[in-house]
Amino acid sequence: MADEAKVTAKLHHPHLAAVLARGEDEALGLAFYAMRLVEGVNLRDLLATAMRNAKPLSLRERIVRVWRCKEVCSAVAELHRAGLVHGDI
């Protein structure tokens with residue numbers, strides 16, 4: 001985890017949360033890193049709501065969703081270029 005935190009701290013991408021601090025709790029022998037809190041709805045809840053509503057999307061809504069997917073893919077690609085794999089995807 002310490003190596004992952006070190007690599008992540010060096011990344012600068014508009015769609016990745018910035019690492020604010022990293023270190024080790026010497027008393028517990030545990031590594032940590034803290035990242036900027038990103039406010040908003042998580043993907044699981046967004047998809048669940050979309051499935052419940054199941055109404056056709058306007059062209060604008062479709063374009064916005066495709067653009068958001070592009071942003072996420074760009075961020076994940078940046079992680080992959082740095083040799084990291086996002087464990088929650």
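Below, all heavy atoms of this structure are taken into account, side chains as well, without hydrogens, waters or symmetry copies. As the structure is a computational prediction, the values presented were derived from the model and not from experiment. By convention here, the first residue in the shown sequence is residue 1.
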Would the distance check show the side chain of T49 and the main-chain N or O of D45 forming a donor-acceptor pair, the cut-off being under 3.5 Å?
yes
Are more than 12 heavy atoms from other residues, nucleotides or ligands located less than 6.0 Å from atom CZ of R62?
yes
Closest non-hydrogen atoms of V19 and Y33, given as atom of the first, atom of the second and distance, are CG2-CD1, 4.1 Å
Is it true that atom CZ of R60 has more than 12 heavy atoms of other residues, nucleotides or ligands lying nearer than 6.0 Å?
no
Would a 4.5 Å heavy-atom cut-off, applied to side chains only, mark R22 and T8 as touching?
no
Salt bridge (charged side-chain N to carboxylate O under 4.0 Å, His left out) partners for R81, two or more places apart
E78
Any side-chain heavy-atom pair from V76 and H80 closer than 4.5 angstrom?
yes
To the nearest 0.5 angstrom, please state how far the CG atom of L37 sits from the CG atom of L20.
10.0 Å
Shared hydrophobic cluster, V7 / L16 (ILVMFWY, side-chain heavy atoms < 4.5 Å)
yes
